[in-house]
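First listed ligand is number 1; within each ligand, the first listed atom is number 1.
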Amino acid sequence: MLIAGNWKMNLKYEDIIKLKNIISDLEVDRRVEIAIFPQFPLLYSAIEKLSDYKIEVGAQACSSVLKGAFTGDVSVEIISDIGCKYCIVGHSERREYHHETNQFVKNASNLLLSKNIIPIVCVGESLEVKNKRETNQFIKSQIRECIPENITSNIVVAYEPIWAIGTGKIPEYEEISSVHKIIMNELSHIKNLKVIYGGSVNKENCSKIFELNEVHGALIGGASLKFKDFLAIYESAVKQII
Ligand code: PGA
């Protein structure tokens, strides 16, 4: 399982130190990996401070090209050089505010894999698509358009319904299972595929989500900013696999 904390544009250097102090007494169960995704300028310090505690660090986004005149963008080369294991690609906020398309996600995923970084590819339907009962078809085409055809291992897909992000609402548990099954069927050729759920995961609803066989972890926004809650979610994942 993978418990990933997407800090978005929140928290500071001092919070990395706080997290380090909190987790120094935690016994990390290797079967459940913890990863955090701070803002770019904090990545290096996070890796330096947290690697002894078996917490992985990843980037929230990346460019879809390796280098050039792209002011403000960040290359996967740098993300790889500093030692990130993961990078989130195609988060719905990037799709909305930075116009990242499915083709962008595919190109970026290819680049990440070429630099040995595991992409966490986000997919998920809007409320409009959900209300039209077109979720399954929508997710299938997102998967086909976002995941490079030649990939055979090392990718994480995060199913994040857009209407569930930051709203406190989550799909019915059966709906989560059924969308995860669709993703797993579409990508059955990929070894070690993880399909994680994201969107309003909290310490109250996580254990029911982790009970679902098709859920291999969570991408957590709001609740990852409160470290006690984040670690409670991690412990709930550990309980699930024991
Ligand atoms: P949330 O965000 O947990 O605050 O809903 C999840 C995400 O955007 O990845």
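Annotation: the span from Leu111 atom CG to Ser80 atom OG amounts to 11.0 Å, rounded to 0.5 Å. Taken from OG in Ser109 to CZ in Phe104, the straight-line distance is 9.0 Å, to the nearest 0.5 Å.
A 4.5 Å side-chain heavy-atom check between Leu212 and His180 finds every atom pair outside the cut-off. Residues Cys62 and Val74 are not in side-chain contact: their nearest non-hydrogen atoms beyond the backbone lie 4.5 Å or more apart. Inter-residue side-chain proximity for Ile23 and Leu50 is flagged as met; some heavy-atom pair is nearer than 4.5 Å.
In this structure, of Lys8, Lys169, Glu93, the residue bringing a heavy atom nearest to atom 8 (O) of ligand 1 is Lys8.
When each atom of ligand 1 is checked for a heavy atom of His91 under 4.0 Å away, the hits are 7 (C), 8 (O), 9 (O). Of all atoms in ligand 1, listed by their number and element, those nearer than 4.0 Å to a heavy atom of Gly199 are 5 (O). Interface of Leu219 with ligand 1, defined as ligand atoms under 4.0 Å from a residue heavy atom, comprises 9 (O).
Closest to atom 3 (O) of ligand 1 among all protein heavy atoms lies Gly221 N, 2.8 Å. At the shortest separation from atom 4 (O) of ligand 1 among protein heavy atoms lies Gly222 N, 2.8 Å. The protein heavy-atom contact nearest to atom 7 (C) of ligand 1 is Glu160 OE2, 3.2 Å.
Here the side chain of Ser200 pairs a donor or acceptor atom with the backbone of Ala164 at under 3.5 angstrom. At least one donor-acceptor pair closer than 3.5 Å links the side chain of Gln142 to the backbone N or O of Gly124.
Atom CD of Glu14 has more than 12 heavy atoms from other residues, nucleotides or ligands within 6.0 Å.
Using 4.0 Å as the threshold, Ser200 has a heavy atom nearer than that to some atom of ligand 1. Under a 4.0 angstrom heavy-atom cut-off, Ala223 registers as lying outside contact with ligand 1.
Residue contacts with ligand 1, taken as heavy atom pairs separated by less than 4.0 Å, involve Asn6 solely via side-chain atoms from C-beta onward.
Annotation: Gly198 places no N or O atom under 3.5 Å from an N or O atom of ligand 1; distance criterion only.
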